[in-house]
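What you are looking at is a predicted structure, and each value in this text was computed from that prediction instead of being measured. Order of the sequence lines fixes the chain letters, A, B, ..., with proteins taken first and strands second; residue numbering starts at 1 for each chain.
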There are 2 protein chains.
Amino acid sequence: MRLPAPARREQILDVSVQVFARRGFHSTSMNDVADAAGVTKPVLYQHFDSKQDLYLALLDEAGNRLRNSVTKAVAGAASGKEQTEMGFKAYFHWVAEDHDAFLLLFGSRASRDEESTAAIRRITAETAHAIAPLIAVDIDPEHQRVLAQGLVGLAEGVSRHLVERGESFDAEQLGQQIADLAWAGLRAVHRNP
Amino acid sequence: MRLPAPARREQILDVSVQVFARRGFHSTSMNDVADAAGVTKPVLYQHFDSKQDLYLALLDEAGNRLRNSVTKAVAGAASGKEQTEMGFKAYFHWVAEDHDAFLLLFGSRASRDEESTAAIRRITAETAHAIAPLIAVDIDPEHQRVLAQGLVGLAEGVSRHLVERGESFDAEQLGQQIADLAWAGLRAVHRNP
DNA sequence: TGGGGTTGTTACCCTGGGGTAACTGTTATG
DNA sequence: CATAACAGTTACCCCAGGGTAACAACCCCA
């Protein structure tokens with residue numbers, strides 16, 4: 001089945017995010033990707049320079065979707081407490097919906113050579129950056145960053161636990177609970193500097 | 001320089017934990033390990049059946065050290081609050097001291113094929129298990145597990161942030177702060193079931 | 001001092017898999 | 001239709017790197 005170039009490119013991206021998410025970068029050969037796309041290897045190389053290139057494109061797209069949804073959610077809330085809630089809920093909604101993307105970025109099978117690591121780190125850092133304002137201003141900025149990173153890890157840990165076991169969950173409710181935990185925790189840290 | 005078998009084995013383990021921690025599983029060849037140990041490849045295969053086998057041995061050792069220190073710390077504390085503090089402090093002490101082991105298990109370059117993933121997951125699960133009792137008993141057990149996993153993720157996220165940037169930190173102080181956050185957070189979750 | 005066990009080396013095999021050259025259909029347009 | 005531009009395939013190259021067979025040095029003990 002023949003496809004025009006841009007459509008094929010999209011299809012390859014769609015298919016390969018699934019394949020890479022499930023089997024990991026190194027266990028997935030370009031032939032695997034090609035097979036999954038119902039096509040042969042050279043076609044892949046018409047659209048992407050290398051395996052790396054394809055993989056990085058995937059990471060980039062996934063990262064954007066994550067960043068967008070969290071940033072948007074936090075921006076649409078007024079109080080710090082509400083921001084926390086909206087942020088976590090958005091995160092868990094993204095995990096629930098963009099399942100494969102989550103595994104690609106944070107699943108235990110994620111690749112992580114020099115470049116991919118950098119890409120993923122950038123995404124985590126951006127997410128942490130979006131969360132940083134939640135944290136009381138009168139704390140040492142470096143320490144703020146550490147806490148933000150911790151909250152991201154919190155959400156990540158919970159998600160990985162659930163996703164890798166294939167358990168479904170209610171993003172709204174889970175987000176509320178984790179946000180409660182985070183918010184109360186942050187206020188406590190604030191009180192004991 | 002010749003060594004008796006058990007000593008050589010130890011030396012290989014010592015050296016390879018560093019190499020794997022820095023460059024990751026896939027980017028490290030057995031020749032790299034051999035070079036780092038000042039020896040040639042076949043020697044490695046006298047002590048380990050395969051690359052996998054060596055790597056799993058490393059994961060296992062690292063995991064044991066982590067589990068031991070956390071479990072011991074938690075066991076030596078009375079109140080829930082104190083357990084939380086001791087637990088997190090122990091975790092961060094381990095990170096600070098057993099630097100390479102942390103990267104091996106949780107660094108972004110960790111390998112993660114079928115078996116390694118399982119090994120690492122087991123360790124995380126065990127750590128979460130050690131933490132679970134901290135969480136109020138009147139919560140749905142499944143939910144308890146999720147929270148425990150989240151706390152592990154919290155510590156992991158903070159540590160990764162610090163370690164991968166090569167920043168040094170005061171384990172005692174950091175542990176105290178994160179424990180404050182976690183403890184206050186847990187009590188909040190408890191109040192809103 | 002010489003032979004058996006032990007430690008180590010050299011030199012190789014061999015497969016997986018990333019990447020490509022050269023060719024074959026297929027669609028659009030004058 | 002003819003032909004160019006495009007989509008796709010077959011068949012291959014090639015090498016990194018895991019793993020091993022065969023050989024060499026060394027050490028200990030009778």
Side-chain angles (χ1 to χ4, degrees), chain A residues 1-59 104 109-117 119, chain B residues 1-59 104 109-117 119:
Chain A
M1 185 225 217
R2 263 165 98 92
L3 281 184
R8 179 64 75 192
R9 192 192 149 91
E10 279 315 300
Q11 186 232 2
I12 291 174
L13 286 170
D14 282 359
V15 165
S16 53
V17 76
Q18 294 174 27
V19 181
F20 279 124
R22 280 178 221 303
R23 332 217 328 203
F25 180 79
H26 288 285
S27 322
T28 303
S29 75
M30 285 303 256
N31 272 320
D32 291 340
V33 176
D35 283 357
V39 111
T40 55
K41 239 196 310 181
V43 173
L44 303 182
Y45 287 94
Q46 283 167 9
H47 298 276
F48 303 92
D49 287 349
S50 66
K51 191 183 181 185
Q52 268 295 321
D53 187 43
L54 167 58
Y55 191 70
L56 288 176
L58 293 176
L59 291 183
L104 196 75
R109 325 268 321 238
S111 151
R112 318 300 182 87
D113 44 286
E114 214 59 54
E115 253 183 303
S116 324
T117 303
Chain B
M1 184 226 219
R2 264 167 96 93
L3 281 184
R8 180 62 77 191
R9 192 191 149 91
E10 279 314 301
Q11 186 232 3
I12 291 174
L13 286 170
D14 282 0
V15 165
S16 52
V17 75
Q18 294 173 28
V19 181
F20 279 124
R22 280 177 220 303
R23 332 219 324 206
F25 180 78
H26 288 285
S27 322
T28 304
S29 75
M30 284 304 256
N31 271 321
D32 291 340
V33 176
D35 284 356
V39 111
T40 55
K41 236 190 323 176
V43 174
L44 303 183
Y45 287 95
Q46 283 167 8
H47 299 275
F48 303 93
D49 287 349
S50 66
K51 191 183 181 185
Q52 268 295 322
D53 187 42
L54 168 57
Y55 191 70
L56 289 176
L58 293 176
L59 291 184
L104 196 75
R109 326 263 326 234
S111 150
R112 320 300 183 85
D113 43 285
E114 214 59 55
E115 253 183 304
S116 324
T117 304

Euclidean distance, atom CG of residue Asp32(A) to atom P of dG19(C) [Å, nearest integer]: 14 Å

Integer-rounded Å distance: dG25(C) P and Gln46(A) CD: 17 Å

Annotated protein contacts, base or backbone, on nucleotides 17-30 of chain D with a non-hydrogen cut-off under 4.0 Å, one of B, S, - each: SBBBB---BB----

Set of side-chain contact (heavy atoms from CB on, under 4.5 Å) partners for Pro6(B), sequence neighbours left out: Pro4(B)

Salt bridge (charged side-chain N to carboxylate O under 4.0 Å, His left out) against Arg22(B), all qualifying residues, sequence neighbours excluded: Asp100(B)

Pairing residues for Glu114(B) by the side chain to side chain donor-acceptor pair (under 3.5 Å) criterion, not counting sequence neighbours: Arg109(A)

With Glu10(B) via side-chain contact (heavy atoms from CB on, under 4.5 Å) - residues at least two apart: Leu13(B)

Met30(B) CE to Ser16(B) OG distance, which is reported to the nearest 0.5 Å: 8.5 Å

Pairs satisfying side chain to side chain donor-acceptor pair (under 3.5 Å), at least one member in residues 43-59 of chain B, at least two apart: Gln52(B)-Asp113(B)

Stretch residues 14-21 of chain B: residues that reach within less than 4.0 Å of DNA chain C through a heavy atom: none

d(CG, Asp35(B); P, dT10(C)) in whole Å: 11 Å

Residues that Glu115(B) engages under salt bridge (charged side-chain N to carboxylate O under 4.0 Å, His left out), provided they are two or more places apart: none

Sequence-distant partners of Asp32(B), side-chain contact (heavy atoms from CB on, under 4.5 Å), two or more places apart: Arg23(B), Thr28(B), Ser29(B)

Whole-Å distance separating the NE2 atom of His47(B) from the P atom of dT6(C): 12 Å

Short side-chain N/O contact from Arg8(B) to OP1 or OP2 of dG8(C), under 4.0 Å: yes

